[in-house]
2 protein chains.
Amino acid sequence: MNTNKHIKSIPRMFEQVTQQIVDHIDSTPLEPGQKLPTERQLSELLQVSRSSVREGIKVLELLRFLESKQGEGTFVASPQPYIIPSRVINKRIPTLELDHYFQVAVMCAKTIVISFLKSEEFLPDHQERDSFWENFCQLVSSLGKEIPNPYFHSLWEESYQLLLANHFFEGKQQPFEWSELDTAIQKRDLQETIYLLDLLGIEGA
Amino acid sequence: MNTNKHIKSIPRMFEQVTQQIVDHIDSTPLEPGQKLPTERQLSELLQVSRSSVREGIKVLELLRFLESKQGEGTFVASPQPYIIPSRVINKRIPTLELDHYFQVAVMCAKTIVISFLKSEEFLPDHQERDSFWENFCQLVSSLGKEIPNPYFHSLWEESYQLLLANHFFEGKQQPFEWSELDTAIQKRDLQETIYLLDLLGIEGA
DNA sequence: GTCGATTTGTTCGTATGTATC
DNA sequence: TGATACATACGAACAAATCGA
């Protein structure tokens, strides 16, 4: 009987609070940077205790909807479109899962590079780095800022930073020379670029 | 002077608590489904108040690392690889941002379909639905479960569910007939399939 | 089915550290 | 320097849900 009870009855107080705080921001409306009512005002406004308000704020803070500073107040912030839960709390990731994240990152990289090559934008300046992966990541990050849809860049950054923090690229084999991809992009050779990028996603290490 | 002080002094209590709880899970180690020490035990173990423990748990709960049940306890859960902050709190999204999410979803869909077509798997059964988008989303969701890397499916689901909840597909124009894509995939025609999927990402509505 | 123990959910009062004026 | 406003943190108390005897 107990396993049958996944119906998720009433939402808990802190969930209602997060919802109501967000509704309050939307309906006021409050723009990023503006100050929220104090915790005590919120607890009175929403008719709940300060502790519940705090739990709600903590959650919205971790999701980057809010930012609170002791002695000043709580302010509206700008959340990212995607977040990786493990990255929020600096949790170490097993190698197998890192590979999965890597493939997602490569997918984003491919989309970013192709989108850029199809545009008329000039290539942004970039310094030559030591390793293949440093060059690659720096290129994708800079191109990601140039394309119309910023979410690809955000998703790439989130994944790539996770891989960096977990030392994924240290000892990671490179499937070809950096100069190959570099010249393909310089020449804006779409077909060759796609071919090379597809090589990244295949397990070669 | 004040703006110069971004040095992020000492981490706050609840941040330390989330970190320590995660470390505790990792080092014990606790598997999904297993029970965490009670809030009171944790507060004594970590030498902080129960309120702070609760704030940490609330955060980990929203990130799906934990699941608390009143009267039972707090249990280890399995987080998703990616989450959309707005989706966690059911926040409404402006149309412009929905378009960005849609393009990410299409990118995932493309990766999923291509990955499937390159495999030797049989097409899973699926019922014919009413609308183009219903058919499309159902197909991608079912194919996503068949491919080796589950993160593409997870990212697709997260994005697609967000679009659904915001009524994105209602009134969304279809760039071609469903039968075209359906037969291309049935025939495992990779080139034609890619061609059609690329049409989805272009603004045609 | 009831009772009691356990555990999370929620509230309140109080004290402390920090920023602003 | 002092006063005020605010977030941070703690602990005690009670409510509600769950489980087992």
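This is a predicted model, so every value here is computed, not measured.
- The side chain of B:Arg50 contributes no N or O atom lying less than 4.0 Å from OP1 or OP2 of D:dG11.
- Residues A:Ser49 and B:Gly73 both approach DNA chain C. Their nearest nucleotides, taken by heavy-atom distance, put B:Gly73 toward the 5′ side.
- Contacts of B:His167 classified as side-chain contact (heavy atoms from CB on, under 4.5 Å), with partners at least two apart in sequence or in another chain: B:Glu170.
- OP1 or OP2 of D:dT8 has at least one side-chain nitrogen or oxygen of A:Arg54 nearer than 4.0 Å.
- The side chain of B:Lys69 places no N or O atom within less than 4.0 Å of a non-bridging phosphate oxygen (OP1 or OP2) of C:dG9.
- In the model, A:Glu61 has a side-chain atom that pairs as donor or acceptor with a side-chain atom of A:Ser68 under 3.5 Å.
- Residues that satisfy the side chain to side chain donor-acceptor pair (under 3.5 Å) test with B:Glu158, not counting sequence neighbours, are B:Arg87.
- Using a 4.0 Å cutoff on non-hydrogen atoms, the parts of residues 35-45 of chain B near DNA chain C are B:Thr38, B:Glu39, B:Arg40, ordered by number.
- Applying the ring-ring contact (aromatic ring centres under 6.0 Å, His included) test to residues at least two apart or on different chains, the pairs with a partner in residues 37-85 of chain A are A:Tyr82-B:Tyr101.
- Taking every side-chain heavy atom of A:Thr74 into account, D:dA7 is the closest of D:dA7, D:dC19, D:dA9.
- A:Lys58 has a side-chain polar atom (N or O) that falls below the 4.0 Å cut-off from OP1 or OP2 of D:dT8.
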Side chains of residues 135-144 of chain B: which donor-acceptor pairs under 3.5 Å do they make with residues two or more places apart or in other chains?
residue  : atom : partner  : partner atom : Å
B:Asn135 : OD1  : B:Arg129 : N            : 2.8
B:Asn135 : ND2  : B:Arg129 : O            : 3.3
B:Asn135 : ND2  : B:Ser131 : O            : 3.2
B:Ser141 : OG   : B:Cys137 : O            : 3.0
B:Ser141 : OG   : B:Trp156 : NE1          : 3.0
B:Ser141 : OG   : B:Glu157 : OE2          : 2.6
B:Ser142 : OG   : B:Gln138 : O            : 3.2
B:Ser142 : OG   : B:Leu139 : O            : 2.9

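- Side-chain nitrogen and oxygen atoms of A:Ser68 include none within less than 4.0 Å of the OP1 or OP2 phosphate oxygen of D:dC6.
- Geometrically, B:Lys172 engages B:Phe102 in a cation-pi contact, judged by NZ or CZ lying under 6.0 Å from the ring centre and within 45° of the ring axis.
- Applying the ring-ring contact (aromatic ring centres under 6.0 Å, His included) definition to pairs two or more places apart or across chains, none involves residues 24-44 of chain A.
- Rounded to a whole Å, the CD atom of B:Gln16 is 12 Å from the C1' atom of D:dT8.
- Separating the CG atom of A:Leu46 from the P atom of C:dT11 is a distance of 11 Å, rounded to the nearest angstrom.
- In this structure, the CD1 atom of B:Ile57 is 12 Å from the C1' atom of C:dG9, given to the nearest Å.
- Regarding A:Leu60, its CG atom lies at a distance of 16 Å from the C1' atom of D:dA7, rounded to whole Å.
- With rounding to whole Å, A:Glu55 atom CD is found 14 Å from D:dC10 atom C1'.
- In this structure, B:Ser51 reaches the bases: a heavy-atom distance under 4.0 Å links it to at least one base atom across the strands shown.
- For the pair B:Gln70 CD and D:dA16 P, the computed distance is 9 Å after rounding to whole Å.
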